[in-house]
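To start, the structure itself, in structure tokens.
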Number of protein chains: 2
Amino acid sequence: MHPRIVDTLKRNQLSITDSRKKILEMFLQRKGALAHADIEQQSGEEFDRVTIYRTLQTFVEKGIIHTIPSADNSVRYALCKDDCSEGHHHDNHVHFMCDHCGTTYCLDHVTVPAVVLPSGFKVTQVDVVASGTCMKCQ
Amino acid sequence: MHPRIVDTLKRNQLSITDSRKKILEMFLQRKGALAHADIEQQSGEEFDRVTIYRTLQTFVEKGIIHTIPSADNSVRYALCKDDCSEGHHHDNHVHFMCDHCGTTYCLDHVTVPAVVLPSGFKVTQVDVVASGTCMKCQ
DNA sequence: TATTATTTTGCAACATTGTTGCATTTGAAC
DNA sequence: GTTCAAATGCAACAATGTTGCAAAATAATA
């Protein structure tokens, strides 16, 4: 088991349960974004569907993972780089979604260019979702 | 009825039906993004739910409207500026979603800054989804 | 305009996805 | 180990999205 798992849960004052450990491990191993459905598939019958929903929700609230917007009604989740601060506002972020294999990448080190909006708009968060073909699919 | 409606449908070789006229009119009037649920509510019992799904799908395929990614499993749709070419690839786009009132704005005239991705990624589309407070809500 | 061919719609049935309340179980604290 | 708090699983439900097919509306043709 990945050493960071228990650490992360403790730091966020969460009880250390099987489902949380397992789901967190999936994120740490895969190093890519996961949708609810992915987790459900990978964990087989191990956990109830409801537990997965609640676990993801908890992780998002604690800033352990964050959501990635998508245009097809299938929100994906990815690990936050070193846990965002609690209550989390994940400022700037670039994601890449491969049209071919569907893999979603979370590109933490790509800087989001400043977006200038018309006056009156107060921006607190900018998500950039790029899509195309990833390195594995071309 | 908005004069562009019949035009737009004809140009896209679509039969001119009540549901299409009505839904297209909603987009032309509202000048903001609409979710499936919005349309369903606004049209009351007038059309079947299935018809709305199929109409939206058709409009997207024809490039009359486009989808706006969201982080909450509720894809929204907005009119394409002067219909994208058929088969449509909507290159660059900035959207703004108000955390307060939920209104989604489609900012066609804001330029999307170039995003530089690691080599190996071939980008065909970039969506920028900003969120915060809109001018009506502050 | 009347007739035929094509397209679209509505219905029904179904599949998938997400939510809520509550009893039971598990983990944490003592 | 016992007690308390938290998390899980189950069941039931609500919401959302999909498919096939007959009926209706639209378009094309005479």
Side-chain angles (χ1 to χ4, degrees), chain A residues 1 5-27 33-62 64-77 86 102 104, chain B residues 1 5-26 33-62 64-65 67-77 86 102 104:
Chain A
M1 190 173 68
I5 291 177
V6 173
D7 256 29
T8 304
L9 293 176
K10 278 195 178 158
R11 188 170 353 120
N12 286 285
Q13 300 175 311
L14 293 174
S15 300
I16 297 173
T17 67
D18 286 350
S19 51
R20 286 175 181 165
K21 280 190 285 186
K22 185 76 177 282
I23 293 176
L24 193 45
E25 182 149 47
M26 284 185 201
F27 279 108
L34 290 169
H36 174 96
D38 296 325
I39 295 170
E40 206 172 328
Q41 278 188 305
Q42 279 189 45
S43 64
E45 301 285 307
E46 201 168 351
F47 317 116
D48 195 84
R49 227 157 37 85
V50 179
T51 301
I52 300 176
Y53 280 114
R54 292 198 263 228
T55 303
L56 289 173
Q57 193 179 306
T58 303
F59 283 1
V60 170
E61 279 162 9
K62 292 293 186 177
I64 299 171
I65 58 177
H66 65 271
T67 56
I68 303 176
S70 85
D72 66 340
N73 274 324
S74 67
V75 171
R76 284 153 193 278
Y77 302 86
E86 200 165 326
T104 300
Chain B
M1 189 174 66
I5 290 177
V6 173
D7 256 28
T8 303
L9 292 175
K10 279 195 177 156
R11 187 170 354 116
N12 286 286
Q13 301 175 311
L14 294 174
S15 300
I16 297 172
T17 67
D18 286 351
S19 50
R20 285 175 182 165
K21 281 190 284 186
K22 186 78 179 280
I23 292 176
L24 192 45
E25 182 148 46
M26 285 185 199
L34 291 169
H36 174 96
D38 297 325
I39 295 170
E40 206 173 326
Q41 278 188 303
Q42 278 188 45
S43 64
E45 301 284 308
E46 198 167 354
F47 317 116
D48 195 85
R49 228 155 40 83
V50 178
T51 300
I52 300 177
Y53 280 115
R54 292 199 264 228
T55 301
L56 289 173
Q57 194 180 305
T58 303
F59 283 1
V60 170
E61 279 162 9
K62 292 292 186 179
I64 300 171
I65 59 177
T67 56
I68 303 176
S70 85
D72 65 341
N73 274 324
S74 67
V75 172
R76 283 152 194 280
Y77 302 86
E86 200 167 324
T104 301

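Worth knowing before you read on, the calculation uses all heavy atoms, side chains too, and leaves out hydrogens, waters and symmetry mates. Residue numbers begin at 1 in each chain, while the letters A, B, ... track the order of the sequences. This one's a predicted model, so the numbers in the text were calculated from it and none came from an experiment.
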Exercise. So do B/Asp38 and B/Met26 actually touch side chain to side chain, heavy atoms under 4.5 Å?
Worked result: no
Exercise. Separation of A/Asn12 atom CG from D/dA7 atom P, in whole Å?
Worked result: 12 Å
Exercise. Within this structure, what is the CG-to-P distance between A/Leu56 and D/dA7, rounded to whole angstrom?
Worked result: 15 Å
Exercise. How many Å lie between CZ on B/Arg54 and C1' on D/dG20, as a whole number?
Worked result: 9 Å
Seminar exercise, completed: Span of DNA chain C engaged by chain A, first through last nucleotide within the 4.0 Å heavy-atom cut-off, is C/dT17 to C/dA28
Exercise. When we call it a touch if two heavy atoms are under 4.0 Å apart, what does B/Glu40 touch: a base, just sugar-phosphate, or nothing?
Worked result: nothing
Problem set entry | Atom pair NZ (B/Lys22) and CD1 (B/Ile5), whose distance is rounded to the nearest 0.5 Å | 10.5 Å
Exercise. Side chains of B/Thr104 and B/Tyr77: does their closest heavy-atom pair fall under 4.5 Å?
Worked result: no
Short N/O separations, protein against nucleotides 3-5 of chain D, under 3.5 angstrom:
none

For this session: Determine, step by step, whether A/Arg54 and A/Ser19 satisfy the side-chain contact (heavy atoms from CB on, under 4.5 Å) criterion, reporting the C-alpha distance in whole Å, the side-chain angles of both residues, the deciding distance to 0.1 Å, and the verdict.
Result: CA-CA 10 Å; A/Arg54 292 198 263 228; A/Ser19 51; over 6 Å; no
Exercise. Passes side-chain contact (heavy atoms from CB on, under 4.5 Å), A/Ile39 versus A/Phe27? Steps please.
Worked result: CA-CA 9 Å; A/Ile39 295 170; A/Phe27 279 108; 4.1 Å; yes
Problem set entry | Side chain B/Arg49 and base D/dG17 donor-acceptor under 3.5 Å | yes
Exercise. Which part of the nucleic acid, if any, lies within contact of A/Thr58, taking any heavy atom under 4.0 Å across all strands shown: a base, the sugar-phosphate backbone alone, or nothing?
Worked result: nothing
Problem set entry | side-chain contact (heavy atoms from CB on, under 4.5 Å) evaluation trace for B/Leu34 with B/Ile65 | CA-CA 10 Å; B/Leu34 291 169; B/Ile65 59 177; over 6 Å; no
Problem set entry | Heavy-atom side-chain contact between B/Lys62 and B/Thr8 under 4.5 Å | no
Problem set entry | A/Ile52 and its side-chain contact (heavy atoms from CB on, under 4.5 Å) partner, picked from A/Gln57, A/Glu40, A/Glu46 | A/Glu40
Problem set entry | Most 5' of B/Ala37 and A/Phe47 on DNA chain D, judged by nearest nucleotide | A/Phe47
For this session: Look only at the side chain of A/Arg76 and the backbone of A/Ser70, and say whether a donor-acceptor pair between them is shorter than 3.5 Å.
Result: no
Problem set entry | Sugar-phosphate, base or nothing in reach of B/Glu45, heavy atoms under 4.0 Å | nothing
Exercise. If you check every side-chain atom of A/Asp48, which of D/dT8, D/dT18, D/dG9 has the closest atom?
Worked result: D/dG9
For this session: Answer whether the closest heavy-atom distance between the side chains of B/Thr55 and B/Phe47 falls below 4.5 Å.
Result: no
Problem set entry | d(CG, B/Asp72; P, D/dT16) in whole Å | 11 Å
For this session: Would you please confirm or rule out a distance under 4.0 Å between OP1 or OP2 of D/dG17 and any side-chain N or O of A/Asn73?
Result: yes
For this session: Calculate the interatomic distance between B/Ile52 atom CD1 and D/dG17 atom P; express it in whole Å.
Result: 11 Å
Problem set entry | Test item: B/Leu14 and B/Ile64 side chains (from C-beta on) under 4.5 Å apart, heavy atoms | yes
Exercise. Backbone N or O of A/Val50 within a donor-acceptor pair of the A/Asp48 side chain at under 3.5 Å?
Worked result: yes
Identify the pairs formed between an N or O of the protein and an N or O of nucleotides 24-30 of chain D at a distance under 3.5 Å, and give each distance.
{"unit_1": "D/dA27", "atom_1": "OP1", "unit_2": "B/Ile16", "atom_2": "N", "d": "3.0"}

Problem set entry | Atom-pair distance (CD1 on B/Ile39; P on D/dG17), nearest Å | 11 Å
